[in-house]
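Read through the structure below, which is laid out as structure tokens, and then see the notes.
When a residue number appears, it is its place in the shown sequence, counting from 1. Ligands are counted one by one from 1 in listed order, and the atoms in each one are counted from 1 as well.
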Amino acid sequence: MAEITKKKPAKTPKLADPQMASIDVASQQMIARSHELGVETVFDRAVNMKPCNIGIQGICCKNCAMGPCRLPLPKGGIEGEDERKGLCGATPNTIAARNFARMVAAGAAAHSDHGRSVAEVFMSAARKETDDYKIKDVARLLEVAPHLGVATKVEVDGEEKDRDIDEIALEVAEAAINEWGKPEGELLYAKRAPAPLYEKWKKNGVIPRNIDREVVEIMHRTHMGVDQDYKNLVKQCTRASLADGWGGSMLATDLQDIMFGTPYPLQSEANIGIMKEDHVNVIVHGHEPVLSEMIVAASQTKEMLDYAKSKGANGIQLGGICCTANEILQRHGVPPAGNFLQQELVIVTGACDAMVVDVQCVFQNLANVAKCFHTKLITTHPIAKMEQDNVIHIEFDEHHALEDAKRILKLAIDNFEKRGTEVMIPKQKATQIAGFGVESIEYHLGGTFRGTYYTLNDNIINGRIRGIAGVVGCNNARSQHNNECITIIKELIKNDVIVLTTGCNAIACATHGLLTPETAAVYCGPGLAEVCETVGIPPVLHLGSCVDNSRILLAATEVVKAGGLGNDICDLPAAGSAPEWMSEKAISIGQYFVSSGVYTVFGGVLQVNGAPVFQDYLFNELEKVYGGKWDMYTNPMDHAHAMIAHIDKKRKELGIDKARERVLMDMADRQALEA
Ligand code: SF4
Ligand code: MSK
């Protein structure tokens with residue numbers, strides 16, 4: 001008789017509590033629905049797998065095969081000398097700084113490679129190698145060209161004439177692509193920063209030489225046995241992150257604006273409830289808008305609409321997830337169906353006929369969820385494929401982009417008929433105004449005659465607006481979906497701090513109804529409410545996708561230029577925040593905000609606290625170099641109030657704190673005044 005081996009009974013995985021997992025009702029319903037249908041999502045995995053206690057402190061090194069070397073903080077902290085070291089002698093500072101630097105490198109690489117792809121498509125358009133992409137926004141081209149050293153005028157017979165647009169576009173394309181790998185010189189866009197900031201970077205030797213080199217150099221310096229001075233490593237983090245924020249990301253934003261149009265405020269909706277039962281639902285997800293722009297165009301053609309009708313659908317409903325969503329929202333009003341943590345949930349509706357993904361922030365588990373439904377999951381980028389056999393790869397090529405887009409849409413339309421009976425689309429969706437940018441802020445909050453940020457500055461000086469916050473970034477399954485984002489932003493606007501937002505945080509704001517002018521009367525302090533009501537803007541301005549954080553840098557530069565609030569970004573009553581960050585890109589963004597002079601607070605855990613000396617360098621010492629510094633709070637109210645305290649400190653330094661005190665009069669003060 002065969003021996004019976006006793007197996008340990010498999011543990012039944014725990015299921016996430018929908019209410020604990022998200023504050024969004026649509027997401028709660030979809031999590032509950034996934035449980036009914038036996039479909040596992042990130043929310044369930046998060047309750048079954050805890051993060052590594054050593055990795056979370058940033059002090060696990062696996063940079064060579066003598067490790068991994070793990071240097072956990074001793075219980076009760078460190079008394080006297082910190083004697084922890086890896087086999088090679090690497091200290092906790094070195095290990096944590098190397099890990100941090102590699103996150104900056106990965107983040108900067110992701111944003112900048114996105115920028116490079118856009119620049120390559122831009123080059124094809126400039127060379128007229130494709131009919132699908134064109135120079136749509138000539139004014140933007142003419143504005144960007146001088147920053148890349150491209151002249152927009154030419155002298156003919158002693159007379160200044162406008163140059164040919166095609167010539168300018170070609171030179172802009174060449175100059176832009178050169179920024180990734182030029183052999184000498186410095187990042188051209190560094191000079192777009194306020195002059196004192198540029199000088200600070202110059203003095204500290206952190207102006208990027210070219211975009212790729214700074215990323216490569218981090219990988220070299222963090223290789224076993226190279227840079228073992230955490231301050232020197234942070235210096236390279238600064239250089240690589242600036243190559244991202246003021247380089248790869250900024251170029252991505254500019255070139256996308258030129259090809260697809262500069263966003264202007266428009267109305268749309270957000271949340272899973274934008275999906276329609278009687279329409280073909282196509283969800284685009286990722287970051288690069290070059291393909292999704294074509295999907296938008298294709299979805300509006302008579303050919304595709306007729307084809308959808310021939311298959312029994314009433315139309316084609318596009319929706320987005322993550323930053324591809326933000327890109328097509330801000331230029332076409334296509335509504336986001338959700339943010340990062342909602343990507344599996346839109347498939348759980350049973351009504352997602354195709355999900356089309358490009359690069360970044362795409363869960364591999366989408367393939368497993370799609371398998372439970374009729375959903376076609378389509379990868380489109382040569383650098384981002386999936387191993388699962390139910391995934392279709394349709395490689396996008398800018399030379400026949402519209403055809404690729406139509407092929408994808410046809411697949412989705414054909415799939416509409418194959419929907420099962422398991423369709424449940426939650427009703428929740430919210431109205432939003434999105435599509436703000438440097439130009440539209442100037443339009444709404446600029447002086448009537450001055451064409452600058454004069455009115456915004458004036459309202460900051462007189463205290464109606466207490467300060468500016470850039471609140472950006474992801475969701476993280478380690479915290480309740482959207483809770484930190486929304487709690488922090490409500491507290492900021494209640495305290496008269498105007499908020500600029502991008503990325504998944506912006507989608508969270510839209511979902512929870514914070515992106516309408518009417519929000520001001522409900523949630524804002526009296527000063528900010530008055531400004532928003534007067535000019536008709538929401539107190540939270542949606543500035544686009546993750547690469548569009550470059551818009552926040554340029555908006556801050558415009559505020560400096562408009563005058564009255566100091567000479568540099570670090571003088572402004574402003575603060576940055578990433579409440580629910582999870583991506584390495586967020587670390588690169590954080591570092592370029594800090595190096596641009598912004599006090600930047602992260603929620604959750606920043607993986608540096610296993611190396612207290614290195615952490616102190618980021619959290620305190622960096623401020624002496626660049627005027628900005630990192631901080632971290634797990635409690636969202638503490639997080640918001642740390643930002644407000646910093647804003648107040650800056651107001652005091654600028655000598656405008658008294659104006660603020662007058663604005664914050666209580667009823668008794670007002671009555672005393674009236675009497
Ligand atoms: Fe350990 Fe040093 Fe190798 Fe890192 S580089 S794994 S600390 S021996
Ligand atoms: S998509 S990087 S989850 S913001 Fe830009 Fe959202 Fe963060 Fe990805």
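- Of the heavy atoms in R70, none comes closer than 4.0 Å to ligand 1.
- Close contacts of ligand 2 with H287, meaning ligand atoms under 4.0 Å from a residue heavy atom, involve 1 (S), 5 (Fe), 8 (Fe).
- Counted by atom type alone, Q236 and E214 present one or more donor-acceptor pairs between their side chains at under 3.5 Å.
- The number of protein N/O/S atoms found under 2.8 Å from atom 7 (Fe) of ligand 2 is 1.
- Taking the six-membered ring for Trp, F436 and Y264 have ring centres at least 6.0 Å apart.
- Under the 3.5 Å distance criterion, with hydrogens and angles disregarded, a donor-acceptor pair is assigned to the side chains of D244 and H111.
- Ligand 1 is never approached by H223 to a heavy-atom distance shorter than 4.0 Å.
- T379 and H393 share a side-chain donor-acceptor pair at under 3.5 Å.
- Counting only protein N, O or S atoms, 1 lie closer than 2.8 Å to atom 4 (Fe) of ligand 1.
- Between H542 and T502, the side chains place no donor N or O within less than 3.5 Å of an acceptor N or O (distance only, hydrogens not considered).
- Checking side-chain atoms of E580 against main-chain N and O of N483 turns up a donor-acceptor pair under 3.5 Å.
- Nearest heavy atom pair, residue R478 against residue A46, reads NH1-O, 3.0 Å.
- F614 has its ring centre less than 6.0 Å from the ring centre of F100.
- Side-chain contact, Q256 with H114: a donor N or O sits under 3.5 Å from an acceptor N or O.
- Residues N482 and D24 bring no donor and acceptor atom of their side chains to less than 3.5 Å of each other.
- Contact atoms of ligand 1 toward R98: 4 (Fe), 5 (S) (distance under 4.0 Å to a heavy atom of the residue).
- In summary, the aromatic rings of W581 and F602 are positioned with their centroids under 6.0 Å apart.
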